[in-house]
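Both ligands and their constituent atoms are indexed starting at 1 by order of listing. Residue indices begin at 1 and follow the sequence shown.
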Amino acid sequence: MIVILKPDTDKTSNEFKRFVNHLENLPDIAVRMHEEIGQQQRLTEFYLVGDTISIDPEDIHNFPVVERVFRVSREYRVLGRHNDDVRENYFDYNGVRFGQDEFHLFAGLCAVDTKQHAEIMMRSVSELGLNCTRMGAYKPRTNPYSFQGYGKDCLPYVFELAGKYGIKVIAMEITHDVHIQEIDDALENAGNPTGVMLQIGTRNTQNFELLKSVGRQRRFPVLIKRGFGITLEESLNAAEYLASEGNHNVVFCLRGMKTNMGDPHRNLVDFSHVPVVRRLTHMPVCVDPSHSVGSRERGPEGILDVMHVAAQGVLAGANMVLADFHPAPEKALVDGPQALEMNELAWLIEDLTIARNTFLERVKLAEKYDSN
Ligand code: PEP
Ligand code: MN
């Protein structure tokens with residue numbers, strides 16, 4: 001059961017204390033409080049877990065501090081959409097709103113290799129009016145002898161450049177909980193010129209201890225990739241680990257499934273699940289066409305498969321696209337074969353704008369037919 005209090009409820013008031021006292025005395029119920037501090041207001045929610053069947057929602061609703069009560073109708077308690085659930089489908093981070101009604105392109109380097117490449121990338125992103133990018137510092141690699149990313153050594157110049165080019169959010173994968181502190185320290189040292197969205201890669205989707213550590217911190221939002229060999233439900237439960245530890249600012253990313261049935265693509269594209277995740281949860285949904293397709297092949301009409309697939313995700317309602325670019329793909333230390341080139345960034349932006357506008361047209365069409 002989820003209880004939402006009236007905005008800006010005073011936690012020192014007697015009414016609040018009386019309410020908390022009531023919850024704490026409910027038999028066989030564990031109570032967890034969650035607070036979201038937004039720009040305009042502070043929202044307090046209570047999550048009641050256990051034998052909630054015996055609780056009458058009306059009794060809870062009668063407390064003056066309570067705005068709304070609803071029963072949890074599916075297993076993703078925090079991130080799931082439930083009957084009568086009026087919680088928001090967005091969050092704000094560093095001046096950028098991520099939500100089910102928003103759209104952002106995160107074009108950037110799969111892995112930071114040189115300062116010069118990071119600069120070319122961020123300058124291009126910024127010149128084309130974007131304020132988000134991807135920059136891989138910690139790379140999980142299949143082969144232990146492959147380049148593992150420059151880790152914390154590259155963070156000072158990555159963050160400094162992000163500040164220089166007005167980048168607000170960088171998606172950056174972490175593979176160990178110590179990386180959270182490294183990123184935090186590097187941001188502090190640089191004077192917090194930008195923000196970071198911590199990325200959980202597909203190989204770590206079910207690394208539960210990492211999920212718990214990332215979920216316990218609330219400074220950074222999280223982008224969690226779907227596990228490439230597990231069901232959607234298992235991956236959504238992995239996302240719920242983050243939320244159950246306290247961090248509700250989670251974006252869910254589809255990136256293709258590992259099976260030879262997707263050949264010659266690197267993974268079998270699973271973007272038909274975009275509407276499913278939007279329906280089941282409050283999370284904004286991202287698609288990663290680069291790791292899905294894994295090459296720069298194009299159709300006979302000249303459109304790259306990466307762009308086709310990205311557009312398919314956006315037509316289905318994706319709220320974010322994560323795409324690999326590189327100023328010199330042949331020199332990239334990771335995933336060069338799938339990287340788009342800098343002169344393709346404007347093209348991708350225009351192509352995705354068409355797809356996004358078409359999605360919005362499709363929504364209007366659905367409304368027209370639904371009301372008949
Ligand atoms: C990445 O985005 O750099 C990455 C490694 O992706 P994935 O975890 O989906 O393979
Ligand atoms: Mn990659």
Study note, to complete from the structure: To atom 10 (O) of ligand 1, the nearest of Lys139, Glu173, Arg255 on a heavy-atom basis is Arg255
Check your understanding: Does any N, O or S atom in Asp324 come within less than 2.8 Å of the Mn ion (ligand 2)?
Key -> no
Check your understanding: When you check the side-chain N and O atoms of Arg296 and Gln338, is any donor under 3.5 Å from an acceptor?
Key -> no
Practice item. Check the angle between the aromatic planes of His248 and His34 and answer parallel, tilted or perpendicular using the 30° and 60° thresholds. Key: parallel
**Study point:** Angular separation of OD2 (Asp335) and NE2 (His291) seen from the Mn ion (ligand 2), to 10°
**Key:** 100°
Exercise for review: Among all protein heavy atoms, pick the one closest to atom 7 (P) of ligand 1 and tell me residue, atom and distance.
Suggested key: Lys225 NZ, 3.3 Å
Check your understanding: For ligand 1, which atoms sit closer than 4.0 Å to a heavy atom of Gln199?
Key -> 1 (C), 2 (O)
Revision key, fill the gap. Numbered in order shown, the ligand 1 atoms found under 4.0 Å of a heavy atom of Gly201 are 8 (O)
Review point. Regarding Thr353 and Glu350, is there a side-chain donor-to-acceptor distance under 3.5 Å anywhere?
Key: no
Review point. When you measure from atom 4 (C) of ligand 1 to every protein heavy atom, which one gives the shortest distance, and what is it?
Key: His291 NE2, 3.5 Å
Check your understanding: Hey, would you say the Phe19 and Phe46 ring centroids sit under 6.0 Å apart?
Key -> yes
**Study point:** Glu367/Lys364 salt bridge by N-O under 4.0 Å criterion
**Key:** no
Check your understanding: What protein heavy atom sits nearest atom 8 (O) of ligand 1, and how far away is it?
Key -> Thr202 N, 2.8 Å
Exercise for review: Enter the distance from Phe16:CZ to Asn21:CG here, rounded to the nearest 0.5 Å.
Suggested key: 11.5 Å
